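A quick write-up on the structure given underneath.
Here is how names work: the chains are called A, B, and so on, in the same order as the sequence lines, proteins then strands, and each is numbered from 1. Here the structure is a predicted model, which means the values were calculated and not measured.
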Amino acid sequence: MREKITPRSQDYSKWYTEVIRQAELADYAPVRGCMVIRPYGYALWEHVKEGLDRRFKETGHENAYFPLFVPMSLIEKEAQHVEGFAPELAVVTHGGGKELEEPLVVRPTSETVVGYMYSQWIQSYRDLPVLINQWANVVRWELRTRLFLRTMEFLWQEGHTAHATAEEAQEETLRMLEVYADFTINDAAIPVLQGRKSESEKFPGAETSYSIEAMMGDRRALQSGTSHYFGQKFAKAFDIQYQDENGKLQYCWTTSWGMSTRMIGAIIMVHGDDQGLVLPPRLAPIQVVVVPIWKKEEERTVVLEAVETMKAALGACVRLKVDDRDEYSPGWKFNDWELRGVPLRIEIGPRDVAKEQVVLARRDQPGRAGKSFVPLAGITDAVTDALAQVQNDMLKRATEFRDANTHEPADYDSFRDAVAQGFARAWWCGDVTCEDKVKEDTQATTRCIPLDQLEGNGQCIVCGNPASEMTIFGRSY
RNA sequence: CGGGGCGUAGCGCAGCCCGGUUAGCGCGUCUGCUUUGGGAGCAGAAAGUCGGAGGUUCGAAUCCUCUCGCCCCGACCA
C-alpha cells in the first residue's frame with residue numbers, strides 16, 4: 001500500500017516532493033540535482049508543449065535547434081551576460097581523451113549561439129524579422145535544487161527573435177509575455193500577473209525583462225515565464241547587422257523568452273490538495289478515468305460491455321483511460337487516480353448499468369460533493385461540460401485564493417505582515433536600496449511591476465519618497 | 001559553502017548506545033484460493049556485498065578513522 005501523503009499544512013515542501021514521487025511524475029537521478037521525468041510527468045509536459053507550441057506558431061514563429069555546446073569565447077562576448085551566468089556554468093574541458101583547446105560551455109541558455117548564427121543569417125531588412133523558437137534542455141549549476149522548480153538540467157523552450165526596429169522588438173517582447181499569460185491562465189488554470197522586472201531581478205544582459213508571476217498554494221510567488229527585450233546589446237556584441245531600405249547598416253533589435261518544466265511545479269502547487277495532484281483538464285494526460293465495478297463474473301461481463309459502449313462514444317473527444325485492473329479494489333483505484341490528479345472519474349457498476357447511468361466524480365471537489373449521477377445516453381455532453389466546468393472552477397478558485405492573499409498595506413509595518421502572508425501590492429520608488437531593505441527585513445523581493453497600473457502617484461512603502469508605480473512584493477521560489 | 005538529517009530487501013524503517021552464531025518488521029512483489037460501490041483477507045514464497053575503504057577484535061550493521069552520496073534548511077537562481 002502506498003503511504004499517505006504529508007498534509008500541506010504540516011510540511012508544504014515535503015507534500016510537494018511526495019506528490020511528485022507518488023504520482024510518478026519524476027524521480028531523483030543518480031546525479032545530484034537532476035531528475036528523471038517519468039512517463040506521466042512527461043505526458044503532462046507534452047501537453048504544456050503543445051499548448052505553447054501552437055501559440056508560437058500562431059504568432060508566426062518557427063522551431064529550430066541549436067547545439068548544446070557553446071564555445072567559452074562566445075559566452076564571454078556580452079559582459080553582463082557572462083557575469084550573470086558565470087557562477088552557474090557547466091564547462092567541458094576534455095573530449096576524446098584530450099584537453100580541449102577551448103572549453104565548451106553546456107548552454108545555460110542560447111542567446112550567444114543564436115546571436116552568432118543570426119549575425120551570419122541576417123544581411124538585409126528583407127531577412128527580418130527572424131522569429132525562431134527552440135525546444136531544448138539547458139544546464140545551470142544550481143546549489144539548491146528542487147524537483148521541477150530548480151533542477152540542474154531542465155527542459156524548456158527559448159524563443160529568439162531579431163527585428164529591424166526597437167518598437168517591433170518591444171512589441172514582440174510583450175506579445176510573447178501575453179502568449180505565456182494566455183497559456184497559463186487558460187490551459188494551466190493559473191492566474192498570473194504580467195509585469196516588468198526590477199533592475200536587480202532582470203535577466204543578465206537584458207534591457208528590460210518581463211515575467212508572469214503566480215501564487216503557489218503556500219502563498220509564495222513563482223516566476224512562471226519570462227520575456228526579455230535586449231535592445232541592441234546582443235546585436236552589438238554579436239554583430240547582428242542588416243542593411244536598411246536606404247542602404248544604411250543597422251544593428252538589429254532582439255528579444256528572447258522562455259518557459260520551462262518549472263510550469264509543472266506551478267501546476268502541482270497551485271492546484272494540488274492533500275489527496276495529491278489536481279490537474280487542469282486541458283493539460284491532464286488522462287482527462288477521464290473509468291473505474292468499472294463488479295462482484296460476480298456475469299456482472300463483470302455486463303459492466304465491461306457498458307464500458308465499451310461508453311468508450312466508443314467518449315474516446316473520440318476526451319483522453320480516456322479504463323482502469324480494468326483486476327488486482328486492485330475500486331476504493332484503491334479511486335485513491336490512486338485522485339493522487340494522479342485525473343480531473344474526472346466515471347464509476348460504473350451493475351446497479352448503474354441497470355439504471356443506464358454512471359457516477360461522475362470531479363477531482364476538484366473531493367468527496368460526495370463532486371459526485372453526480374449521469375444518464376448513459378447523454379454521457380458525451382455531460383463529460384465535456386464537466387471538464388469545461390472543472391477547468392473554469394480551478395482557475396476561479398486559484399484566482400480567489402491569490403486575491404484573498406494579496407494585500408495593499410498602508411505602512412511599512414503592515415507591509416511586513418502582508419509579505420509574510422502572501423503578496424503585497426505597494427508603491428515603490430524604484431530604488432534598489434529600498435528593495436534590498438525589504439529583502440533583508442522580510443526575505444521578500446519585488447516580483448514584478450504590473451503592466452496594469454492605476455492612475456496617479458504615491459509614496460514608496462519603504463522610504464516614503466514619491467513613487468509612480470505600484471509593485472508586487474512577495475517571497476518567491 | 002554554513003547548519004541539520006539520513007544511507008540496512010523495490011519502498012519505508014527497527015537493530016547500533018551496551019559487538020556474538022541463520023540481520024528483523026511493515027508495505028510492495030510472486031503463487032494459490034476467496035474478494036471487489038472509498039486504500040480487501042488468508043496461506044505460502046522469493047528478495048539484503050547493512051553506502052564504500054581501512055582499522056580494532058576470536059568475532060563488526062554495531063566500536064574507531066577516513067571517504068562517497070543523497071535529502072532538508074540558509075546565501076545564488078528559470
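rA14(B) and rA78(B): their P atoms are spaced 39 Å apart (whole Å). As rounded to the nearest Å, rC1(B) and rU67(B) have P atoms that lie 12 Å from one another. For the C1' atoms, the distance linking rC70(B) with rC30(B) amounts to 31 Å, nearest Å. One P atom belongs to rC50(B), the other to rA61(B), and the distance between them is 7 Å to the nearest Å. Nucleotides rG32(B) and rG37(B) have their P atoms positioned 22 Å apart, rounded to a whole Å. A distance of about 25 Å separates the C1' atoms of rC16(B) and rG10(B), rounded to the whole Å. Separation of the P atoms belonging to rA53(B) and rU62(B) is 12 Å when rounded to the nearest angstrom. Nucleotides rG59(B) and rU21(B), compared at atom C1', are 10 Å apart to the nearest Å.
Relative to the six-membered ring of Y210(A), R196(A) misses at least one condition, a distance below 6.0 Å or an angle of at most 45° to the axis. Annotation: cation-pi geometry satisfied between R140(A) and W156(A) (NZ/CZ under 6.0 angstrom from ring centroid, within 45° of ring axis).
At a threshold of 4.0 angstrom between heavy atoms, the contacts of Q223(A) are confined to the sugar-phosphate backbone, with no base atom among them. No contact: R300(A) has no heavy atom under 4.0 Å from any strand. Using a 4.0 Å heavy-atom cutoff across all strands shown, R140(A) reaches at least one base atom of the nucleic acid. No engagement by S211(A) is indicated, since no non-hydrogen atom pair under 4.0 Å with the nucleic acid exists. Using a 4.0 Å heavy-atom criterion, one finds that T145(A) contacts the sugar-phosphate atoms exclusively. Residue contacts shown for L222(A) are absent, as no nucleic acid heavy atom lies under 4.0 Å away.
Taking the six-membered ring for Trp, F334(A) and W332(A) have ring centres at least 6.0 Å apart. Between F415(A) and F473(A), the gap from one ring centroid to the other is short of 6.0 Å.
When L52(A), V179(A), T226(A) are each tested for a side-chain contact (heavy atoms from CB on, under 4.5 Å) with M259(A), only one passes: L52(A). The one candidate from R475(A), R402(A), R447(A) that meets the salt bridge (charged side-chain N to carboxylate O under 4.0 Å, His left out) condition with E213(A) is R447(A).
Rounding to whole angstrom units, CZ of residue R475(A) and C1' of rG74(B) are separated by 11 Å. Put simply, CZ on R146(A) is 16 Å from P on rA78(B), counting in whole angstrom units. D11(A) has its CG atom 10 Å from the P atom of rC72(B), to the nearest Å. Distance E327(A) CD to rA40(B) P: 12 Å, rounded to the nearest Å. Atom-to-atom, CG of L143(A) to C1' of rC71(B) comes out at 16 Å; the value is rounded to the nearest Å. What separates CH2 of W15(A) from C1' of rC71(B) is a distance of 19 Å, to the nearest Å. As rounded to whole Å, 17 Å separates atom P of rG41(B) from atom CG of D326(A). Between the C1' atom of rG41(B) and the CH2 atom of W332(A) lies a distance of 17 Å, rounded to the nearest Å.
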Go through R55(A) and D187(A) one step at a time and tell me if the salt bridge (Lys or Arg N to Asp or Glu O under 4.0 Å) criterion holds.
CA-CA 12 Å; R55(A) 288 170 170 85; D187(A) 287 10; 3.0 Å; yes
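With rC76(B), rG38(B), rC71(B) as the choices, the nucleotide that has an atom nearest any side-chain atom of E338(A) turns out to be rG38(B). Among rC70(B), rG74(B), rG39(B), the nucleotide with an atom closest to any side-chain atom of R32(A) is rC70(B). Taking every side-chain heavy atom of V359(A) into account, rG37(B) is the closest of rG39(B), rG37(B), rC72(B). Between rG37(B), rC72(B), rA78(B), one nucleotide has an atom nearer to the side chain of T151(A) than all others, and that is rA78(B). Considering only side-chain atoms of S13(A), the nucleotide from rC72(B), rG74(B), rA40(B) that sits closest is rC72(B). The side chain of F334(A) lies closest to rG38(B), out of rA78(B), rA75(B), rG38(B).
Interface remark: the R368(A) side chain does not form any donor-acceptor pair with the rG38(B) base, using a distance-only criterion of under 3.5 Å. With hydrogens and angles ignored, no donor-acceptor pair closer than 3.5 Å exists between the side chain of D336(A) and the base of rG39(B). One N or O donor and one acceptor, one from the side chain of K371(A) and one from the base of rG38(B), sit under 3.5 Å apart.
In this entry rC30(B) has rG44(B) as its Watson-Crick or G-U wobble partner, both defining distances falling under 3.5 Å. A 3.5 Å limit on both hydrogen-bonding distances identifies rG74(B) as the Watson-Crick or G-U partner of rC1(B).
Within a heavy-atom distance below 4.0 Å of RNA chain B, the residues of residues 258-279 of chain A found are S260(A), R262(A).
For the pair F154(A) and rA78(B), the ring geometry qualifies as stacking, because the centroid separation is below 5.5 Å while the planes lie within an angle under 30°.
A salt bridge between R8(A) and D218(A) is absent, with no side-chain N of the basic residue lying under 4.0 Å from a carboxylate O of the acidic one.
Between rG74(B) and R144(A), a contact under 4.0 Å exists linking OP1 or OP2 to a side-chain N or O. OP1 and OP2 of rU34(B) both lie 4.0 Å or more from every side-chain N or O belonging to K296(A). Taking side-chain N and O atoms only, Y28(A) has no distance below 4.0 Å to OP1 or OP2 of rC11(B).
When all heavy atoms are compared, the tightest approach of P103(A) to V91(A) is CB-CG1, 3.5 Å.
Where S224(A) and V31(A) each meet RNA chain B at their nearest nucleotide, the meeting point lying more 5' is that of V31(A).
Note: F234(A) and H81(A) have perpendicular aromatic rings, judged against thresholds of 30 and 60 degrees for the angle between ring planes.
For H61(A), the side chain to side chain contact (heavy atoms under 4.5 Å, CB included) partners two or more places apart in sequence, or in a different chain, are F56(A), T59(A), L131(A), T161(A), E172(A), M176(A), W257(A).
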